[in-house]
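When a ligand or atom number is given, it counts from 1 through the structure's own listing order. We number each residue from 1, following the sequence as shown.
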Amino acid sequence: MKSSIGVVFSLAISIRAAAIVSFPNPPGYTTRTYNAHAPSSAAKSTDQYSNDALVSLWSRVGPIAPPKNTAVASPTPEPSSLSAFPQPDPAFHPLVASHETGLKDVKLPQNFAWGVASSAYQIEGAAKEDGKGPSIWDMLSHQVPGFVADNSTGDVLAEHYYLFKQDIARLKALGFKAFSPSISWPRIFPFGNGPVNAPGVAHYDAVITALVDVGISPAVTLFHWDTPLALFHEYGGWSNEKIVDDFVHYAKFIITRYDKYVPIWFTINEPQYCNWQYAGYPAEILNPKTGKKGEKGGIKARFACGHYTLLAHARVAKWYHEEFKGQGRITFKNSGNYYEPASTAAADLRSAQRNYDFSIGWFSGPWTDGDYPESLKSTLDDVLPKYTEEEKRIIKGSCDFYAIDAYTSYTAFGSSNDEACMKDPKNGAFPECAGSRQAGNDGFPMGPAGDTGVDWMKTTPGGIRRYLRKLKEMWPSIPDIVVTEFGFAEPFENLMKTKGEILWDLRRADYYQGFLDNILASIHYDKVNVTGAWGWAIFDNFEWNAGLSTRFGLQYVNYTDLTRTPKASMFQFLNWFQ
Ligand SMILES: *[C@@H]1O[C@H](CO)[C@@H](O)[C@H](O)[C@H]1NC(C)=O
Ligand SMILES: *[C@@H]1O[C@H](CO)[C@@H](O)[C@H](O)[C@H]1NC(C)=O
Ligand SMILES: *[C@@H]1O[C@H](CO)[C@@H](O)[C@H](O)[C@H]1NC(C)=O
């Protein structure tokens, strides 16, 4: 990347011949062409998978903003602003002091996998196009007041659905060799089960082809929270065991079709989301058949969700290795943060452990005997569903490597009330019964804060090194760890009005530098086998409950004209890997 980016970019799009790609049609699936904009005038069909049924499903979500583009755009040469931006140049590198100057000459292990990540609902837009079914997030963002802080939705966004060729060409021009997108389940199965939607498949065929064409290796997530809405209407989504078969059915279709080009599969993004989503879903949306208005999913939905999610992952992984004999590696991405015990007092140590148990420990079965940690079983009792011996056998060993999305760190502290809390489901701190805060014992914040929409994060790059060591200590059977997400929401970025302010995102650039230095220190000094690191995100996206106003991108997205522009942090990230 020593030459001008503009030059590299135009070469990339002009001289590459299209690669020859072909996709097998998995047997046993029926295909239809859906169109959610086309109600029929024919008599009402009794077919639950009819096009009219899709139209009717969408009517519960309400009107969707139309897309700005209507067809896939061909890549165009980059605007001159890209080459006018600070070039990847050693002089730019010390923008932020390295936190680990002693590692200046230390090299990453060969085959270290790195890139940027994203997810379908957060960047694609085109929410109702080409036969896509609604997902729970279409419903939540449209129909639950206050669920998304700024009332934004995933209707249009950066419209990666139409601009993916440009986005992929840009990644290539910047020097990326890998990209981690997710596939939208309701684009492939508008009802979650039933027929495959041909235009949805054609879309991902084109995405994989575009990646293969420029030599960018995809690490694909099958499920990043966009559960088909129809499965909530049918049985309550992930809180019901029926979802396991439906997910396996979807996963087999995708993996069979694309495995040849996808060396890394993530079945599930962050099953821990059951914590902060399923418990909070309005009961009547979680399960329209049984849910009472005014109630929330609560603790039962939360732990049922976790239960069937891990089982669904394990069933796919078993099939992948034993029947399908896939060539790649498969795992799921955990969400977790580092907890530094406030002291060596027993209550603080217990608190740190319980904070782990209820986040990553909950899903540690692949690295233990396949079961839940004792602390979950004893605290939750009947609220925690039980795995059969056969299910435990499938779960144990179902991950090929450990994937952790690790953004920040906390201090964990215990208290004399914790034990009473563990026996009292009415206690607000139940079931964790373990304190944590993002401040040291002196009360001073652990690090600079992120944007106001992400009150859960401070920049604490030193935490990742301790966390990686801790993971390996907790589960020694882990062969290697990949940091599958890390990133930062620059404070007040959404309030800035000009690119001149936005693009110089010093705090985020500093975060990336410190984080990567600490990953390298973990490999070099602590001998932890870290084999990859993925920055979140490729560009600004829909940040779930925080909406569009909280920005995590390494590229700025202008939501008026949909242009993307790399920020300083993008160059800091790229320079680090040079
Ligand atoms: C979001 O919409 C609600 C009405 O549903 C309104 O009360 C609130 O002010 C809106 N919030 C923002 C940030 O626009
Ligand atoms: C790190 O993990 C990879 C993948 O499991 C393995 O091939 C490699 O040998 C490991 N390296 C070390 C130093 O253990
Ligand atoms: C976003 O795009 C619009 C339309 O091109 C333009 O008027 C506006 O200045 C852009 N915003 C920024 C921050 O560049």
Side-chain angles (χ1 to χ4, degrees), residues 61-63 65 68-69 76 79-82 84-85 106-114 139-153 155-159 163 219 263-265 282 285 317 321 327-331 366-367 397-404 451-453 468-469 471-473 475-484 490 492-505 519-520 522-533 539-540 542-551 553 555-568:
V61 176
K68 297 190 176 203
N69 294 276
T76 54
S80 56
S81 60
L82 184 58
F85 204 80
V106 175
K107 295 265 177 291
L108 279 171
Q110 269 199 324
N111 301 327
F112 190 87
W114 61 274
M139 186 73 172
L140 293 167
S141 64
H142 277 272
Q143 293 295 335
V144 185
F147 209 79
V148 177
D150 60 3
N151 295 335
S152 56
T153 71
D155 292 4
V156 181
L157 303 180
E159 225 157 69
L163 302 179
I264 298 171
W265 290 105
I285 288 198
H321 288 309
Q327 298 302 301
R329 298 212 293 166
I330 193 163
T331 193
W367 310 106
S398 63
C399 291
D400 294 336
F401 61 97
Y402 196 87
I404 182 75
D451 201 3
T452 49
L468 290 165
R469 196 167 46 202
L471 290 171
K472 184 70 193 160
E473 209 177 281
W475 301 301
S477 63
I478 292 175
D480 59 313
I481 305 177
V482 176
V483 181
T484 31
E490 189 80 4
F492 311 117
E493 194 171 314
N494 199 53
L495 299 178
M496 296 174 188
K497 296 277 185 286
T498 65
K499 275 194 195 168
E501 299 160 275
I502 295 162
L503 298 185
W504 202 263
D505 56 340
I519 289 174
L520 188 56
S522 170
I523 299 169
H524 184 70
Y525 296 125
D526 306 339
K527 309 295 174 211
V528 179
N529 192 12
V530 187
T531 55
F539 44 68
D540 294 330
F542 176 84
E543 196 47 39
W544 309 111
N545 302 78
L548 275 186
S549 8
T550 299
R551 292 174 180 259
Q555 300 181 74
Y556 164 68
V557 173
N558 181 328
Y559 287 109
T560 308
D561 61 13
L562 301 188
T563 52
R564 293 85 152 114
T565 314
K567 302 175 191 173

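A heavy-atom separation below 4.0 Å is found between Arg329 and ligand 2.
Asp540 is listed as a side-chain neighbour of Glu493, based on a closest heavy-atom distance under 4.5 Å. Within the 4.5 Å cutoff, side-chain heavy atoms of Leu562 are placed close to those of Asn69. In this structure the side chain of Leu520 reaches within 4.5 angstrom of the side chain of Leu108, judged on heavy atoms. Put simply, the side chain of Glu543 does not reach to within 4.5 Å of the side chain of Asp451, judged on heavy atoms.
Taking SG of Cys399 as the start and CD1 of Ile478 as the end, the distance is 9.0 Å to the nearest 0.5 Å.
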Show your working on side chain to side chain contact (heavy atoms under 4.5 Å, CB included) between Lys567 and Glu490 and close with a plain yes or no. CA-CA 11 Å; Lys567 302 175 191 173; Glu490 189 80 4; over 6 Å; no
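Considering backbone and side-chain atoms together, Thr531 places no N or O closer than 3.5 Å to any N or O of ligand 2. Checked against a 3.5 angstrom limit, the closest N/O atoms of Asp150 and ligand 1 fall outside it.
The 4.0 Å heavy-atom shell around ligand 3 contains residues Lys497, Lys499, Tyr556, Asn558, Thr560, Asp561, ordered by chain and number.
Distances below 4.0 Å separate heavy atoms of Ala149 from the following atoms of ligand 1: 13 (C).
In terms of heavy-atom proximity, Val483 sits nearest to Val530 at CG2-CG1, 4.4 Å. For the pair Leu548 and Arg551, the tightest heavy-atom approach, listed with the atom from each and the gap, is O-CG, 4.0 Å.
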